[in-house]
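Here's the structure, in structure tokens; my notes come after.
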Amino acid sequence: MTINLTEYPLLANINTPDELRKLNQTQLTQTSEELRRYLLNSVSKSSGHFASGLGTIELTVALHYVYNTPFDHLIWDVGHQAYPHKILTGRRDQLHTIRQKDGLHPFPWREESEYDVLSVGHSSTSISAALGMAVAAEKEAKNRKVVAVIGDGAMTAGMAFEALNHAGDINKDMLVILNDNEMSISENVGALNNHLAKMLSGSLYTGLREGSKRILKNIPPIKELASRAEEHLKGMVVPSTFFEELGFNYIGPIDGHDVNGLVDTISNMRNLKGPQLLHIATTKGKGYQQAEQDPIKYHAVPKFDHTETTLPKSAPSLPTYSAIFGDWLCKTAEQDSKLAAITPAMREGSGMVEFSQRFPEQYYDVAIAEQHAVTFAAGLAIGDRKPVVAIYSSFLQRGYDQFIHDVAIQNLPVLFAIDRAGIVGADGPTHQGSFDLSFMRCIPNMTIMAPSDERECQLMLNTGYQLNAPAAVRYPRGSGNGATLPAITETIELGKAKLIRTMTGVSSENKIAILNFGTTLAEAKLAAEELNATLVDMRFVKPLDQSFISKLCAEHDCIVTVEDNAIAGGAGSGVNEYILSQGIMKKILNIGLPDNFIKHGTQAEIHQELGLDSQGIIDKIKQFIA
């Protein structure tokens, strides 16, 4: 894909931030306009994260203009908003490849660019990492500056507050920019705050502030009075904030779309000592009306015509697993008022919009706080509620201690509906659900289920919900195969596998049994038919159907396990452990995800590359038994 750069006369000559810094400050407004148009033009043709980047255009320009990147460290939280950063740091002409196999990474990624200081993807890591870099920079003594950009949503996570508390305590030089895209500032208030921000971050005010502290430092009563006077003075002209209590010098809020105001304020704050916090107000989707009006819909977009007023409608397809879960949630709540559904800020992604509207008293969005979500569910269970935690596989990692300590040890009836399990696709290593079976399987008291289709998924949700013990159902991103859904009360027998296919005829050697866990069943079935193998849908990762495994071992020469999870410690490992514990000598092949982080690409592309499609399974088995 090529974009005519003659339409972007300033941007066309910016291949690195050094070239941006050669511009006159009066040219930054035009640069920002060109950058916004380029982002709109590129992402609309290639797909990708969209609204967040439009909201950080001016901030990105200002930061790279003021700071000497990459020597100065610039850290983006999560990274949805970092497309403009990639454009200004030598990746403009590759932006059309973003999130595609072998293309640009969807988030800042250390291996991709020296300007990407921290590899990110999950929320609320920026301040902790920035503080570590600030401590290292002080010891390095080269006057390296450190800046973290974090959104108001990411600021809801406990990790962000832990970092703020530590930063204020050890008083290292760093700047945290709070990008607040939920609040709006009226024109007058915005102008006033911009003026005050420049004044309060300028040398006159800070000189008076620091000078008075030095003069009064040996007179405690007067020093305390002066400190209080300063606090009250500031409280009269800027919004009240608790950031000062954490030890930060707070400036703002200011207009995050005024590039010159940002440059002036950030330039003033660049050399201030101690931890600084600049609060800016921005609009997600800024400059593209549809995205401003519906930033959730335009968070990540397919290819679309940006001259049209709506995104293209996708062809009718089968319901996604997330939608099936959301429908199950509503039907179950209709019958049980004790159900409590919990999400850590993923209402749309987890299919919970209808539930949140129909059952608001049973719906809890705890914000980006996975640890709290799990222990909150434990408390609800103790209180005789029936909690269901809807959470992405890679996000559950963040609540692992709570999973063990607060749910499993106490054997509490919490059902985990684990979405995005297995290969997720375009969001890459930080979002692949590669490890949940491995990290859950070793925990006592757990029941772990892996459905092969949407019917099995609903059966397992029913079963887990009625179990009165900790349970997890893990299902992938994407749609099922159109299977008929069961009744909301129908369950399955705990720990029982399901025979799908029996080998035909009699063979003297290489009798193969394929034990499948999860939605790889369709591909495993094609492989089993090609190889004339027995095929079993294991259903349960824990407890395993041990008697069935023993029977298969007695009747077959080779046992093959297939799963969309890391081989290390996964479902296949559980089969291996049982067979070895019985003293059975058997050829065993485990097929799953390798011992490395899986890069981005479509699910189909990655499954094919890793040999999890039918041909890959056939090839691995043939090679193993040869």
Side-chain angles (χ1 to χ4, degrees), residues 294 296-297 299-300 313-366 373 377 380 385-393 395-396 413-422 424-425 433 436 447-467 471-492 498 518-519 521-522 537 539-540 564 603:
D294 194 348
I296 294 175
K297 183 178 179 181
H299 169 68
K313 292 183 178 180
S314 57
S317 60
L318 296 167
T320 64
Y321 280 92
S322 302
I324 290 161
F325 165 72
D327 182 62
W328 171 84
L329 206 58
C330 290
K331 289 178 179 176
T332 305
E334 288 171 359
Q335 299 185 1
D336 190 354
S337 62
K338 288 189 175 183
L339 183 148
I342 302 161
T343 176
M346 295 305 295
R347 182 183 75 153
E348 287 76 17
S350 294
M352 301 174 73
V353 173
E354 181 183 354
F355 180 86
S356 69
Q357 296 167 345
R358 290 182 55 193
F359 303 94
E361 296 301 314
Q362 294 170 256
Y363 169 75
Y364 303 93
D365 186 340
V366 302
L380 285 169
R385 298 293 97 183
K386 299 190 73 173
V388 179
V389 179
I391 191 166
Y392 287 12
S393 171
F395 297 163
L396 181 57
V414 177
L415 174 60
F416 292 89
I418 303 175
D419 203 337
R420 271 54 168 190
V424 171
D436 55 82
T447 294
I448 307 168
M449 295 167 273
S452 55
D453 61 25
E454 58 267 55
R455 174 179 172 79
E456 289 287 311
C457 185
Q458 186 156 309
L459 284 170
M460 291 174 182
L461 289 168
N462 293 342
T463 303
Y465 186 72
Q466 297 181 32
L467 195 58
V473 180
R474 59 104 70 176
Y475 47 89
R477 182 178 191 171
S479 303
N481 57 20
T484 302
L485 298 180
I488 203 69
T489 55
E490 188 177 350
T491 61
I492 55 180
K498 181 179 180 181
T519 53
L521 182 66
D537 181 3
R539 288 175 150 183
F540 289 84
D564 193 5
Q603 288 171 301

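Since the structure is predicted, the reported quantities are computational estimates derived from the model, not experimental observations.
Side-chain atoms of Thr463 come within 3.5 Å of backbone N or O of Ile492 as a donor-acceptor pair. With hydrogens and angles ignored, the 3.5 Å screen pairs no side-chain donor or acceptor of Asp419 with any backbone N or O of Tyr392. A donor-acceptor distance shorter than 3.5 angstrom exists from the side chain of Glu454 to the backbone of Gly482, with no hydrogens or angles considered.
Under the 4.5 Å side-chain criterion, counting only non-hydrogen atoms from C-beta, Met346 is not in contact with Ile391. You'll find the side chain of Thr320 reaches within 4.5 Å of the side chain of Ser479, heavy atoms only. For the pair Thr447/Phe540, a side-chain contact is recorded, criterion being any heavy-atom separation below 4.5 Å from C-beta on. For the pair Lys498/Glu456, a side-chain contact is recorded, criterion being any heavy-atom separation below 4.5 Å from C-beta on. Tyr363 has its side chain within reach of Arg347: a pair of non-hydrogen atoms, C-beta onward, lies under 4.5 Å apart.
Interatomic distance, CG of Leu467 versus CG of Asn462, reported as 12.0 Å (0.5 Å rounding). Distance check: Asp336 CG to Arg385 CZ gives 8.5 Å after rounding to the nearest 0.5 Å. With rounding to the nearest 0.5 angstrom, the CZ atom of Arg477 is 15.0 Å from the OH atom of Tyr321. Note that CG of Asp564 and CG of Asp436 are 9.5 Å apart. Values are rounded to the nearest 0.5 Å. Annotation: the span from Leu521 atom CG to Arg539 atom CZ amounts to 11.0 Å, rounded to 0.5 Å. For the atom pair OG of Ser337 and NZ of Lys386, the computed distance is 10.5 Å after rounding to the nearest 0.5 Å.
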### Query
Between Val388 and Leu461, does a side chain to side chain contact (heavy atoms under 4.5 Å, CB included) hold up when you go through it step by step?
CA-CA 10 Å; Val388 179; Leu461 289 168; 5.9 Å; no
### Message
Under the criterion side chain to side chain contact (heavy atoms under 4.5 Å, CB included), I'd like the reasoning laid out for Thr491 against Tyr465: C-alpha separation, chi angles, the key distance, then a yes or no.
### Response
CA-CA 10 Å; Thr491 61; Tyr465 186 72; over 6 Å; no
### Task
Verify side chain to side chain contact (heavy atoms under 4.5 Å, CB included) between Glu334 and Arg358, making sure each step is shown before the conclusion.
CA-CA 10 Å; Glu334 288 171 359; Arg358 290 182 55 193; 2.6 Å; yes
### Residues Arg420, Ser322; criterion side chain to side chain contact (heavy atoms under 4.5 Å, CB included); working and verdict
CA-CA 9 Å; Arg420 271 54 168 190; Ser322 302; 3.0 Å; yes
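Asp365 and Pro344 make their closest contact through OD1-C, 4.1 Å (heavy atoms, listed as atom of the first residue, atom of the second, distance). A pairwise comparison of heavy atoms in Met352 and Ala390 identifies SD-CB, 3.6 Å as the closest pair. Nearest heavy-atom pair across Ile418 and Ala421 is O-CB, 4.2 Å. Between Leu329 and Ala341, the closest heavy-atom pair is CD2-CB, 3.7 Å. A pairwise comparison of heavy atoms in Gly480 and Leu318 identifies O-CD1, 3.2 Å as the closest pair. Residues Gly433 and Ser393 approach most closely at CA-OG, 3.3 Å, considering heavy atoms.
Less than 6.0 angstrom separates the ring centroid of Phe359 from the ring centroid of Phe355.
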